[in-house]
Amino acid sequence: MNHPTLFGDHFLHRLTSDEQAMVQRVRGLCRDTLGPQAAEVARQDVFAWDHFRLLAREGIVATAFPRAYGGSDARQQLRIRIIEELGRVCSTSASLITGTDLSTRAIVAGASEALKQQLVPGLCTGELQAAFGLTEPEAGSDVRGLKTVFRRTPGGYSITGRKKFITRASTADWFVIVGCAEDEPSTFLAALVPRDAPGFTISPDVGKLGWYGVPIASLSLTQVAVPASHRLGAEGEGFSLAQDALLRARIGHAAMALGRAIGAVEIAAAYAVDRSVFGKTLGEHQGVQWMLADMATQIEASRALLSLVAEKYDRGDADVATYASMAKLQATDLCMKVVTDALQLTGGRGYLQDFPLERFFRDAKLNQIGEGSSEVHKTVIGRDWVRRARGAERNPCLHEGSLVDY
């Protein structure tokens, strides 16, 4: 017997019948395979090949790619619901989908037609993998601080630099490398580098607190020769390609965080119904009810904001980047708080490794850091709001003229 979910499916009514069927298929995978196996995947930080192949076989990976190359070209309104469902049970599975966006978006948006024909069908099916080489020892969220250089050569480029915190580095066949022109530091470029390129080395995997199943490593490039045909976009478009990839990844991070927060509340609420203390169940205590009320209300508000962002992205609204920062900031900070409170509510049980909240707690932190920390997004949002205020309609309650003279 199928029971209704604790959090309503009201947002699914905005999807087509085919899109709703996709969400239900993902929910079935979570219930039957991904959820029951999530704890085992999280025991060691090696690439979760079984989960990745399952998601590729079921067409979930292909939602990131255009139909012309074998994908399903899914709207963001569908993708946020898919990622939310995955994040509800398994951060690894959700990360495999958001990571596909991050690692391949520049290929889809900037590769030549010949390169796309060569690579994208394999990326859709999971036969090929890519990684996104942006972050450096001294530059991450500040893309303009990149030190990796592209030196122009006859017929292409020679790339030298270092990259760190690169997800899928140990499994990728191709790497999107972003840097700047050696003789024009303000000109950003992006290019595809094959794994076996001379002068290109990949470090051993680097251990981390959580998010097991998607290892990270560092990259080193020493005069790596790349033909001009492997450049992504035109010279000078490397920055915009990176920003486009980060935009989609930030939307994905918000959806993953909300899914995890939803899962944490589901677990905490079930525990509150089962556990008795002082003669009644935890759920009958007003303090616990208030905790659940706060968590549920804030999650639903954050889901509404993310749904708005997905609509803006699908419409191509000019201000979608700022709203994506809002959703990423709100959802990831909320997730950290909700998971912490849910663990507190479940007491000693929640702290044990065989209980899901221990894993949820370790995984939640990276959402606040990856693809721009919460502090970076506050700066992005605040700066944009100040800029908008200069040209916005004034509140009609104000007098004309400078407010300094009020």
Side-chain angles (χ1 to χ4, degrees), residues 7 9-27 55 58-88 93-110 120 123-124 132 240-262 299-332 334-335 367 370-372 377 380-381:
F7 284 79
D9 283 338
H10 30 274
F11 290 107
L12 298 188
H13 297 307
R14 302 182 182 185
L15 304 180
T16 67
S17 57
D18 287 345
E19 290 171 332
Q20 291 185 38
M22 169 68 85
V23 173
Q24 293 302 329
R25 188 157 80 250
V26 172
R27 187 171 290 175
L55 293 168
E58 292 293 329
I60 314 303
V61 170
T63 59
F65 300 100
R67 294 182 186 278
Y69 307 98
S72 57
D73 204 17
R75 299 187 300 157
Q76 283 297 312
Q77 291 179 73
L78 169 60
R79 283 179 59 79
I80 61 172
R81 299 305 161 205
I82 290 173
I83 296 166
E84 179 185 283
E85 291 293 334
L86 295 171
R88 173 173 163 257
S93 298
S95 180
L96 291 172
I97 301 305
T98 61
T100 296
D101 253 345
L102 181 65
S103 63
T104 65
R105 180 60 186 173
I107 301 173
V108 171
V120 177
L123 293 169
C124 285
F132 185 57
S240 60
L241 287 171
Q243 292 299 98
D244 180 44
L246 289 171
L247 170 59
R248 289 173 67 101
R250 286 163 180 166
I251 295 172
H253 265 266
M256 185 195 311
L258 281 177
R260 189 185 301 108
I262 287 170
I299 287 172
E300 289 291 13
S302 194
R303 290 176 91 195
L305 173 59
L306 181 57
S307 186
L308 171 65
V309 173
E311 290 177 6
K312 281 181 167 292
Y313 185 94
D314 291 335
R315 284 197 305 262
D317 289 3
D319 60 357
V320 65
T322 298
Y323 279 84
S325 286
M326 289 181 183
K328 203 268 185 184
L329 169 67
Q330 167 67 19
T332 60
L334 175 62
C335 176
N367 283 123
E371 320 319 341
H377 288 291
V380 169
I381 298 163

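Between D319 and K312, some side-chain heavy-atom pair lies under the 4.5 Å cut-off. Between V320 and R315, every side-chain heavy-atom pair lies at or beyond the 4.5 Å cut-off.
Applying the salt bridge (charged side-chain N to carboxylate O under 4.0 Å, His left out) rule to E84 yields the partners R81, R303; only residues at least two apart in sequence or on another chain are considered. Taking Y69 as the reference, E113 meet the side chain to side chain donor-acceptor pair (under 3.5 Å) condition, with sequence neighbours excluded. By the side-chain contact (heavy atoms from CB on, under 4.5 Å) test, A62 pairs with C124, sequence neighbours left out. With sequence neighbours excluded, no residue forms a side chain to side chain donor-acceptor pair (under 3.5 Å) with R67. Partners of S325 by side chain to side chain donor-acceptor pair (under 3.5 Å), not counting sequence neighbours, listed by chain and number: H377. The side-chain contact (heavy atoms from CB on, under 4.5 Å) test applied to D9 returns T5, L12, Q24, R27, not counting sequence neighbours. Residues forming a side-chain contact (heavy atoms from CB on, under 4.5 Å) with D18 (at least two apart in sequence, or on another chain): T16. Among residues two or more places apart in sequence or in another chain, the side-chain contact (heavy atoms from CB on, under 4.5 Å) test is passed with A261 by I299, C335, V338. Listed by chain and residue number, R168 satisfy the side chain to side chain donor-acceptor pair (under 3.5 Å) test with T100 (two or more places apart in sequence, or in another chain).
Exactly one residue among I80, L306, L305 makes a side chain to side chain contact (heavy atoms under 4.5 Å, CB included) with L258. That residue is L306.
The two atoms that bring V108 and F65 nearest to each other are CG2-CD2, 3.7 Å, heavy atoms only. Residues G370 and K328 come closest through the heavy atom pair O-NZ, 2.7 Å. Listed here is the closest heavy atom pair of I251 and A324: CG1-CB, 4.0 Å. Nearest heavy-atom pair across M256 and I83 is N-CG2, 3.5 Å. When all heavy atoms of F132 and A245 are compared, the pair lying nearest together is CZ-CB, 4.2 Å. The two residues A327 and A254 make their nearest non-hydrogen contact at O-CB, 3.6 Å.
Among residues at least two apart or in separate chains, salt bridge (Lys or Arg N to Asp or Glu O under 4.0 Å) pairs with a member in residues 246-259 are D101-R248. Contacts classified as ring pair (Phe, Tyr, Trp, His ring centres under 6.0 Å) and involving residues 241-261 (residues at least two apart or in different chains) are given here: W211-H253.
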Could you please spell out the steps behind the side chain to side chain contact (heavy atoms under 4.5 Å, CB included) verdict for R260 and N367? CA-CA 10 Å; R260 189 185 301 108; N367 283 123; 2.6 Å; yes

List the steps, then state whether side chain to side chain contact (heavy atoms under 4.5 Å, CB included) holds for L55 with L86. CA-CA 10 Å; L55 293 168; L86 295 171; 4.2 Å; yes

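Annotation: the span from R79 atom CZ to I60 atom CD1 amounts to 10.0 Å, rounded to 0.5 Å. The CD atom of E85 sits 9.5 Å away from the CD1 atom of I82 when rounded to the nearest 0.5 Å.
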For residues 70-78, dump all side-chain donor-acceptor pairs below 3.5 Å to protein atoms at least two apart in sequence or in another chain.
| from | atom 1 | to | atom 2 | distance (Å) |
| --- | --- | --- | --- | --- |
| R75 | NE | E19 | OE2 | 2.9 |
| R75 | NH2 | E19 | OE1 | 2.7 |
| R75 | NH2 | E19 | OE2 | 3.4 |
| Q77 | NE2 | D314 | OD2 | 3.3 |

